[in-house]
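Numbers restart at 1 for each chain; the letters A, B, ... are given by sequence-line order, proteins then strands.
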Amino acid sequence: MTKREDRLKQLEQRKRYEPAEAEARVWGRWEEARAFHPEPEGDPAENFSIAVPPPNVTGELHIGHALNASIQDVCARVARMRGRNTKWIYGTDHAGIATQVKVEQQLVDEGTSREEIGREAFAERVWQWREQYGSRITEQFRRLGASLDIEDERFTMDEQYAKAVAHVFVALYEKGLVYRDNYMVNWDPGTRSAISDLEVEQRRVEDTLYSIDYPLESGAGSVTVATVRPETMLADTAIAVNPDDERYTRLVGEAATLPLVGRRLPIIADPHVDPEFGTGALKITPGHDPNDFEIGRRHGLEEVNVIGEDGLMSAAAGERFAGMSAEDARREVVAALREGDSVSGTRPYEHDVPHSHRSGRRIEPLISLQWFCDVGRLAGPAIDAVRDGTVRFHPERPWTGVYLDWMENIRPWCISRQLWWGHQLPVWYRGEERYVGVDPPEGEGWERDPDVLDTWFSSGLWPFATLGWPERTDQLRAFYPTDVLSTARDIIYLWVARMIMFGIEFTGSVPFSDVNIHSVIQAPDGRRMSKSLGTGIDPIQEIDEHGADALRFGLLAMSSTQDVRFSAQRVQQGRDLANKLWNASRLVLLGVDPEATADPAAAETVEDRWIVSRLERLTESTSGLLEGFELSRATLELYDSFWSELCDWYLELAKPRLYSGDNAAVSAVLLHALERSLALLHPAMPFVTEEIWSYLPGERGLLALASWPEADRGRIDDDAEGRVGRLIEAVTELRRYRDEVGAKASVPIPVRVEAHGYEELDGQLARLARLELAADGGDPVAEVRVPGGAVSILPSEAFDPEEARQRIAARRAKLEGEIERLERKLANERFTQRAPAEVVQAERDKLAEYRAALDAARA
RNA sequence: GGGCGGUUAGCUCAGCUGGUAGAGCGCCUGCCUUACAAGCAGGAGGUCGCUGGUUCGAGCCCAGCACCGCCCACCA
C-alpha cells in the first residue's frame, strides 16, 4: 500500500471530524514550521503587524478575548496568506492594581500581608506568581489557534519595556508635560491610591440630605446650607451663592460662622451655584469636593483637609473627631450639630456617587500631591490623525465621534499610583532637590519616589515598546507602525487614545491605521458576562466540547457592530460546518481521479462553469468584506455558499460524472472548488481546513502559508449562472410539487418538459427532482411552472390526483391575489407617472409572468 | 442633565444607496438516496415597538412617544 493509499484509507474511516484529536496535531505542524514567527525583514508598508491587547498576566482567557483573538487571527492569517511578512505581536500586561490585589489576597490567606513582608519581597512574590500563571494564557491562545508570534513574548514589566516607560516619563517631564502638583484627585480608600477619572464609575446611592444652619457673623439670623456629607463641614472655608440670586445679594461680602469649629466663612458669589437647589446657598469645602475645589481656587480660598489618605479624620478635624472613620464622624458631627440645634431638616436623597472601578469603594475626593500628565497638549495631533483618516475606526460610526468628543474635552491625567506593583517613578528626592532621569542619580542620600505609574501609562506604549523602542531595532524598522488594532469599546479612552497620543509624540507616526471595535458579548440572558455573577462562559470549555473552529466560527458569526448575546447555536453551527467540510472533502478526495489536479479551466459542463463562476464571486466578496472588517457577514456568507451552493447543488450535480469512468474533468473542478473553499475558510476555521489540506493530492506545504485566492473576473460566467439558477428553481418547484401531492420518494414521476433553457440540464433536472422524462405519454394531469416554461405531469400511480387538484386550486388563488394587487398598482396613475420607468416596467413584467402562470395552471 | 445605540419569525440575530421581509436554531411533514442523521428534501410561522409625516411606494428617511441598554457629566 502506498503512502497515498494509506492516507485515503484513513480518510475513508474517519466519518466524522474529531476536533480534539486533529487540533493538537495541526498546531504541532504550525509550530514545527515556525509558521507564525516572522523574521524582521522588509518594511512596515509591505509587512503586516498587529499588536494583541495584552491580557493581564495572571488572568485567563474569557469569551471577549476569544472573540477578539478570532478577529485578529482572521486579519493576520489573511495577510500572511497574501504573502505579507506578518507579525502578531504577543505579550501580557502587569496590570498593576489587579495583580497586586490578587497577590495581596494570597498573602492574607497565608496569614501575612504586603506591609509585613515589605516592598522588595512583595515584588518577588508577584514575579513568582507570574512564573506560575503567566504561561496559562499562552496555552489558551494556542488552543484557540491564534497565530501569535508566541516565541517572541513581551511583558510590560520586562527590563527593556521598563526602560521605554522611564524614557517616556523623563521626556514628557523635560517638556513640562508631566508635572507634580497638589490637586484634587479621586482617592480610592480600597486600594489606598489615587486613580484616574476613567477608573471612576458612578453608582446610584441613597443618602440623607441634611440642612444645616450657619449663623451670620452679624448676628442677624443664619444661612441654611444642604449637604449629604456633614462630616466635611469641618473643612468648610466659605459659603457661596449665585451672583444673580437676589435673596442673597445683600449678604455677599459678609460672613457666617462655622458651627462646631467657629471658622469665619466669607459669603461669596459664584455662578456654579444653582439657586433652585435647596436654599440656594452652598457650603464650600475645597478640600473634599471637586466642585468646591474649583470654586476655592477661583476665589483663593483656604484648603482644609479633615480626612486623610487613610480614610480617618485628621487632626485638622479637631480633637473631638480626629482619628474617627469618616462614617463615624458623620454620625458624631450630626449629633453635635443637633445639640447646638443647627440641623434644620433632613430628607432622603438619591444621587450618583463616584466609586472606584477597582475596589468598588466610594471615592474620597482629596487634595493630594500627585503626578499628572498634561494630555491636553498631546491631544491635538491625535485628533488630527483621526479627523484626516490616518487612523480609521471600524465601524466608523459612532466610534470616530466618541473618540473625538472625548479627546476634545480631555483633562489632565493623574498618573501616579500609591501601589507597589508597577513601574516605579524615575524620580528621586534629596531634601529640596529633585532628580528625574532614566538612570538613578549620582551621589549619596537620594530617595526614590515610592509611587508607581498608572498601568495604562505603560500600556500606552505597547505597539512600539514591544518592538524594542527606544532602541532603533530591526523589529521596529520592520513592523512599526502596525496595521490593525482590535478591541472592545470599553478601552477606547483608557488605551486606544493614549496609544495614538504617545505613538505620534514619540515615534512620529500613528501606531496603527485601523481600529476595529467589536461587539461585547453578553450572557445568553442579556446580563453582563462576569465570573462573579456566574454568567461567564469559558472559551476553553467550549473548545473542549465543540472544537476551536466551532467556537471561532460561532463568535465571528454572532458578533457584529452592536452588543450581542452569546449564542450557543452559532457555535454549534460552526461545529456542523467543520463536519460538513470534512465530509464534503471525503466525497471529493475519495472519488476523484487519482491523477487529477485542481484546475478551474477544466470545466466542461455548464454546471462546472457555474460553480467556478460562483467561487470567483465569493472570493471577491469575501475579500471585500474582510477588508471592511465585516467579519460576521463574511463568515456567514462563506457558510451559506459552501453549504448551499457547493454541497447541496454542485456536489449533487457532479456525482454522476464523478462516479463514471470519465471523471478527469469533473475531478479537476471538484479539487479546485475544494481548494478554493478551504483557502477562503482558513482564516476563520484554521484547524479543520489545515487538516483537510494535508489530504489533498500532491506535495504541498501548509495551508496557513498558502496563497490567498485572488478573484478572477474572467471566469465569471453569467450564462452559466443564469442557467443553473433556473435549474435550481425548477428542481425546487418540482420537489415541492412532489411533496405536496404526496408522491412517494422512491417513485419517479413521468413528465414532459415543455420549457426552454434546459438543453444540457434536463438529465440533471430529472435526476434531482426524480422524474421520468417522456417524449409523449398522453394528456398531462397537471403542469408545474418553471423558469422558461412548464413541466407537464403525466398520468401515473405516483400520487393521488385529488391531492394534485387541490394543490392547483390553491396555487391559482395565490396567483389571482398577486395579479389583482399588481393590476391595482399599475392602474394607479400616480405610480406609473412618478415612479422610475424601470420600476414600472419590472412590475409589468411581473404581472405578465403571473398571468402566464395562471394560464398554465388551468391545465 | 447631555449624548449614543437597540426594539424585525417561538429564540439569537442579518437586512448595503427606500421598490410587497432573510439566516441559524426550534417547530411540522417525508426520507437511514453508498460524503455527512452533527445529514437530505419540502413546509408553516412576521400588521418589522407605538403615533404621525415625507413619498407613487417606508423595516429602511423625518418628527414625537414608549420601553431596554450603554457612554459621558463637578447641582450640594
ask   = Counting any heavy atom closer than 4.0 Å, what does A:Tyr349 reach on the DNA or RNA strands: base, sugar-phosphate only, or nothing?
value = sugar-phosphate
task = Remember a base hit wins even if backbone is also touched, and classify A:Val273 as base, sugar-phosphate or nothing at under 4.0 Å, heavy atoms.
result = base
inquiry  = What's A:Ser585 touching, base or sugar-phosphate or nothing? Going by heavy atoms closer than 4.0 Å.
reply    = nothing
message = Regarding A:Gln522, tell me which of base, sugar-phosphate or nothing describes its non-hydrogen contacts under 4.0 Å with the strands shown.
response = nothing
key: OP1 or OP2 of B:A37 under 4.0 Å from side-chain N/O of A:Lys15   = no
remark   = Taken to the nearest 0.5 Å, the spacing of A:Leu734 CG from A:Arg736 CZ works out to 10.0 Å
request  = Would you classify A:Leu636 as touching base, sugar-phosphate or nothing, given that sugar-phosphate means primed atoms plus P, OP1 and OP2, and contacts are heavy atoms under 4.0 Å?
outcome  = nothing
query = Side chains of A:Ser519 and A:Asp563: is there a donor and an acceptor less than 3.5 Å apart?
reply = no
ask   = According to a strict under-4.0 Å criterion, is A:Ser560 in side-chain N/O contact with OP1 or OP2 of B:C13?
value = no
query = For B:A23, which nucleotide is its Watson-Crick or G-U wobble mate, given both distances must be under 3.5 Å?
reply = B:U12
task = Indicate whether OP1 or OP2 belonging to B:A76 is found under 4.0 Å from a side-chain N or O atom of A:His351.
result = yes
ask   = Which is true for A:Ala745 with a 4.0 Å heavy-atom rule: it touches a base, it touches only sugar-phosphate, or it touches nothing?
value = nothing
Nucleotide nearest A:Asn579 when distance is taken to its side chain, options B:G43, B:C74, B:C36 = B:C36
key: 5' priority, RNA chain B, between A:Arg565 and A:Thr732 [closest heavy atom]   = A:Arg565
Sugar-phosphate only, base, or nothing, as touched by A:Gln562 at under 4.0 Å among non-hydrogen atoms = sugar-phosphate
request  = Indicate whether the side chain of A:Thr732 and that of A:Glu729 have a donor and an acceptor atom separated by less than 3.5 Å.
outcome  = no
